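Single-structure report; data block below.
None of these values were measured; they are calculated from a predicted model. Chain letters run A, B, ... following the sequence lines, proteins first and then strands; every chain starts at 1.
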Amino acid sequence: MKCRRCKAPALIDVRRHNAAFCADCFVRHCQEQVRRAIDGFDMIQPGERVLIAVSGGKDSLGAWELLVDLGYETDGLYLGLGIGEYSDSSGRYAREFAAARGLKLLEVDIPGEYGFDIQTAAATVRRPPCGACGLSKRHLFNQAALEGGYDVVATGHNLDDEAAVLFGNVLRWDAEYLGRQYPVLPAAPGFVRKVKPLVRLSEREMAAYCVMRGIDYIVEECPMAEGNRHLAYKEALNTLEQKSPGAKANFLFSFLERGHERFVADAETERGELTPCTVCGSPTTGEVCAFCRMGERVRGRDGA
Amino acid sequence: MPGPVRVARLLETLGINPETVLVIRNNTLVTHDERLEEPDTIEIRPVISGG
Ligand code: SF4
Ligand SMILES: [Zn+2]
Ligand SMILES: [Zn+2]
């Protein structure tokens, strides 16, 4: 195959775009997709400071590099989840990436600073590990962004992630979640804006981008991910994608263009009155926010 | 598997959905129409993560 743009030998084919690219043109293709996502959804304004959530995986490290390439002032935040070997090595990849490029990486170590790890917390509050993990991530990224004066938190969610989440939401016809699923969550009092600049790039494109740019990322999975529903949705969507290339992108973008707005009202009615958490100050519907409540229970303060 | 064999055919034989992997030959990515020969070192790298 030849590169669609310059006719040099191609290294990667992207069936959804019916195209193949050489290394240079593929990198440009990825940059253009991120540019289109940022501009199309009004994700980041020129001059704003961005905090990117980095896990050491291909998506977050690739996204960080793409944002920097596009000229955005972007620092990283790595969360130590306390998931054994996986946390040790994913942290190493994040630190090495930042050091090699002279980028600033903030770190929050959950066991060190809050006295619990994700597995113990999940068991204590009887939630799946990914639920406890997601709650902690949302809370701590937002808090770090507020404290550091960042305008926006970016995450490495790609097209496959978003399509899989949509698939799950549609299987349950979860109107509240459908109303909230969008590549930009606007800022609100106590919450910074959240954006997903990789929404136009597939998981395979992100892995290829990292290989071409020599980004060393953690290939192993978080051990908690195994067998989760998210992976089953991805598999189902990829089966469709193989038969009709573009199916995933079409599913997601048709929803964002024509479906999402129909559910916005459902998301809004679910939001109650918010007051500051008495422990950390984050807006919450209760007295103590869900993250602080989880921490208190794990540390055994309320005897749970 | 004895070569030569095209990438697309190799994945099909192994029952792997091409959307879920990268194929890397001697440290370089290859497209699905590429022909793999006997002494090549091939890595089939999964790209799907569950986070
Ligand atoms: S797989 Fe689950 S526990 Fe592991 S990092 Fe992702 S959300 Fe957290
Ligand atoms: Zn080219
Ligand atoms: Zn709190």
Side-chain angles (χ1 to χ4, degrees), chain A residues 1-3 9-16 20-21 23 26 55 57-60 130 133-134 137 155-158 160-161 164 202-208 210-212 217-235 237-243 245 247-248, chain B:
Chain A
M1 275 183 212
K2 296 225 179 315
C3 172
L11 295 184
I12 178 92
D13 37 354
V14 183
R15 286 177 73 210
R16 168 174 104 256
F21 300 98
F26 181 71
S55 67
K58 64 187 190 311
D59 302 303
S60 57
C130 297
C133 184
K137 284 176 177 170
T155 55
H157 293 102
N158 57 43
D160 293 62
D161 293 319
S202 72
E203 197 138 42
R204 187 168 168 270
E205 286 171 286
M206 284 315 296
C210 288
V211 171
M212 287 182 190
Y217 63 89
I218 183 162
V219 177
E220 299 90 76
E221 276 289 309
C222 170
M224 303 296 123
E226 199 166 322
N228 73 18
R229 244 185 267 143
H230 197 64
L231 277 174
Y233 298 156
K234 282 186 173 178
E235 203 181 310
L237 288 167
N238 278 328
T239 303
L240 296 175
E241 183 77 18
Q242 189 179 8
K243 300 225 165 72
K248 279 185 295 198
Chain B
M1 174 183 286
V5 60
R6 283 192 201 279
V7 171
R9 179 93 183 86
L10 174 70
L11 294 179
E12 199 186 312
T13 312
L14 296 171
I16 294 172
N17 182 340
E19 184 68 12
T20 65
V21 293
L22 291 175
V23 180
I24 300 171
R25 173 179 58 199
N26 309 326
N27 299 316
T28 311
L29 289 167
V30 289
T31 51
H32 290 144
D33 64 335
E34 212 46 47
R35 194 186 287 277
L36 305 172
E37 305 282 351
E38 193 70 68
D40 291 337
T41 308
I42 309 299
E43 180 194 352
I44 298 177
R45 183 185 292 194
V47 300
I48 308 301
S49 52

Q | A/Leu11 side, atom CG; B/Thr31 side, atom OG1 - distance, nearest 0.5 Å | A | 8.0 Å
Q) Hey, which of A/Lys234, A/Arg16, A/Lys248 is the one that makes salt bridge (Lys or Arg N to Asp or Glu O under 4.0 Å) with A/Glu203? A) A/Lys234
Q: Mind checking side chain to side chain donor-acceptor pair (under 3.5 Å) for A/Asp59 and listing every partner two or more places apart, or none if nothing turns up?
A: A/Asn158
Q) Among all residues two or more places apart in sequence or in another chain, which pass the side chain to side chain donor-acceptor pair (under 3.5 Å) test with B/Glu12? A) none
**Q.** Flag, side chain of A/Glu241 to backbone of A/Ala247, donor-acceptor distance under 3.5 Å
**A.** yes
Q.
Suppose a student defines contact as a heavy atom less than 4.5 Å from any heavy atom of chain A. Which residues in residues 15-22 of chain B would they list?
A. B/Asn17, B/Pro18, B/Glu19, B/Thr20, B/Val21, B/Leu22
Q.
Distance alone, cut at 3.5 Å: any donor-acceptor contact between the side chains of A/Gln242 and A/Thr239?
A. no
Q) Residues two or more places apart in sequence or in another chain: which of them pass ring-ring contact (aromatic ring centres under 6.0 Å, His included) with A/Tyr233? A) A/Phe167
Q: Under 4.5 Å heavy-atom distance to chain B, tell me which part of A/Phe26 shows up: side chain, backbone, both or neither.
A: neither
**Q.** Contact origin within A/Ile12 toward chain B - heavy atom pairs under 4.5 Å
**A.** both
